[in-house]
2 protein chains.
Amino acid sequence: MPIKELRHWLPEDGMPKEEELYDLAELYKVFGDSTRVRILFLLLQRDMRVSEIAAALSMTQSAISHQLRVLKNANLVRSRREGKTAVYYLTDDHVRTILSCGMEHVTE
Amino acid sequence: MPIKELRHWLPEDGMPKEEELYDLAELYKVFGDSTRVRILFLLLQRDMRVSEIAAALSMTQSAISHQLRVLKNANLVRSRREGKTAVYYLTDDHVRTILSCGMEHVTE
DNA sequence: TTTTCATATGAGCAGTTGTTCATGTGTTTA
DNA sequence: TAAACACATGAACAACTGCTCATATGAAAA
């Protein structure tokens, strides 16, 4: 599904509601850390355990776990228990879309 | 122009280059502040002077000026001199696209 | 030139953020 | 049950951010 025109979301005067502005900034803030972006790109490829992510990024389990919580609070990822381990996965395709928008600007 | 598929930007293994990951996070960081997002939504409607933006957002000229510099460094806005004043405007339509992507997630 | 207006900028500070370290919680295996 | 494994979480700390305040810069008017 293509991205909607911005005016689709906006009132006549062109300025979003106060709360939407705040939520929007909060959303981008979550993407505004390279560790979290790295995690998202990994999960874009396949669901992964915490220890796998930590190994892939050469970071401690604790650091990854903290960041996964941030991503979870933003509803960008979810997790399921599988025996002793926790498997994380992307909530939906919004992550892919948002990363695409950003990459389009970065790779110009 | 529609947003390109994410895989368009990615190598076979699905992970962007180190530098791209960093730049991507830096880009989102700029959007990750509600003052800057507010400024961008204003400039989406029309070019504006610094003092106009400050008045519209009920903030000091200094605070706005500092944030405009951040936006300028990220190449999201530019400015032109008009007599005593400086008029700021969006660099291109990327800003509109990126804000659209975010709003789609926020307003669900 | 000297003022005045509009903006830019540097220093300083409080609040926030990302990591490490130590430890807690939950599940499986011995 | 006890031990081992995988992950979550709280405290603490250094680094960073966004604002204020004071002041500098640049252009127009007096």
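The figures here come from the full heavy-atom set of this structure, side chains too, leaving out hydrogens, waters and symmetry mates. The shown structure was predicted, so the numbers you read here are calculated from the model rather than taken from an experiment. Chain identifiers are assigned alphabetically (A, B, ...) following the order of the sequence lines, protein sequences preceding nucleic acid strands; residue numbering begins at 1 within each chain.
Minimum heavy-atom separation, Pro11(B) to Met15(B): CG-O, 3.0 Å. The two residues Asn75(B) and Thr91(B) have their closest heavy-atom pair at O-OG1, 3.1 Å. Of all heavy-atom pairs between Leu21(A) and Pro16(A), the closest is CD1-O, 3.8 Å. Across all non-hydrogen atoms, the minimal contact from Leu27(A) to Gly102(B) is CD2-O, 3.9 Å.
Between the P atom of dA6(D) and the CD1 atom of Ile64(A) lies a distance of 16 Å, rounded to the nearest Å. Per the geometry, CD1 belonging to Ile39(B) stands 13 Å off P belonging to dT7(C), to the nearest Å. Rounded to an integer number of Å, the gap from Leu57(B) CG to dG18(D) C1' is 14 Å. At whole-Å resolution of the value, CG in Leu68(B) and P in dA8(C) are 7 Å apart. Computed from coordinates, the Lys29(A) NZ to dT17(D) C1' distance equals 10 Å when rounded to whole Å. When rounded to the nearest whole Å, the span between CG of Asn73(B) and C1' of dT17(D) equals 14 Å. Atoms CD (Glu26(B)) and C1' (dG18(C)) sit 14 Å apart, rounded to a whole Å.
Residue Arg36(B) places at least one side-chain N or O under 4.0 Å from the OP1 or OP2 atom of dG18(D).
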Just list the side-chain donor-acceptor pairs under 3.5 Å for residues 38-51 of chain A, sequence neighbours left out, or say none.
from	atom 1	to	atom 2	distance (Å)
Arg38(A)	NE	Ser34(A)	O	3.4
Arg38(A)	NH1	Glu18(B)	OE1	3.3
Arg38(A)	NH1	Glu18(B)	OE2	2.4
Arg38(A)	NH2	Ser34(A)	OG	2.9
Gln45(A)	NE2	Phe41(A)	O	3.3
Arg46(A)	NH1	Glu52(A)	OE2	3.4
Asp47(A)	OD2	Arg80(A)	NH1	3.2
Asp47(A)	OD2	Arg80(A)	NH2	3.2

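Applying the salt bridge (charged side-chain N to carboxylate O under 4.0 Å, His left out) rule to Arg69(A) yields no partners; only residues at least two apart in sequence or on another chain are considered.
Residues of residues 41-54 of chain A having a heavy atom closer than 4.0 Å to DNA chain D, listed by number: Arg49(A), Val50(A), Ser51(A). Within residues 76-92 of chain B, the residues having any heavy atom closer than 4.0 Å to DNA chain C are, in order of number, Lys84(B), Thr85(B), Ala86(B), Tyr88(B).
Residue pairs meeting the salt bridge (charged side-chain N to carboxylate O under 4.0 Å, His left out) criterion with at least one partner in residues 98-108 of chain B, sequence neighbours excluded, are Lys4(A)-Glu104(B).
No side-chain heavy atom of Asp92(B) sits less than 4.5 Å from a side-chain heavy atom of Leu76(B). At a threshold of 4.5 Å between non-hydrogen side-chain atoms, the residues Leu6(A) and Met103(B) count as touching.
With Asp33(B) contributing its side chain and Arg36(B) its backbone, the two residues share a donor-acceptor pair below 3.5 Å.
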Measure all distances between protein nitrogen or oxygen atoms and nitrogen or oxygen atoms of nucleotides 19-23 of chain C, and list the pairs falling under 3.5 Å.
from	atom 1	to	atom 2	distance (Å)
dT19(C)	OP1	Thr35(A)	OG1	2.8
dT19(C)	OP2	Gln67(A)	NE2	2.5
dT20(C)	OP2	Thr60(A)	OG1	3.1
dT20(C)	O4	His66(A)	NE2	3.3
dC21(C)	N4	Ser62(A)	OG	2.7

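To the nearest 0.5 Å, atom CZ of residue Phe31(A) and atom CD of residue Glu26(A) are 13.0 Å apart.
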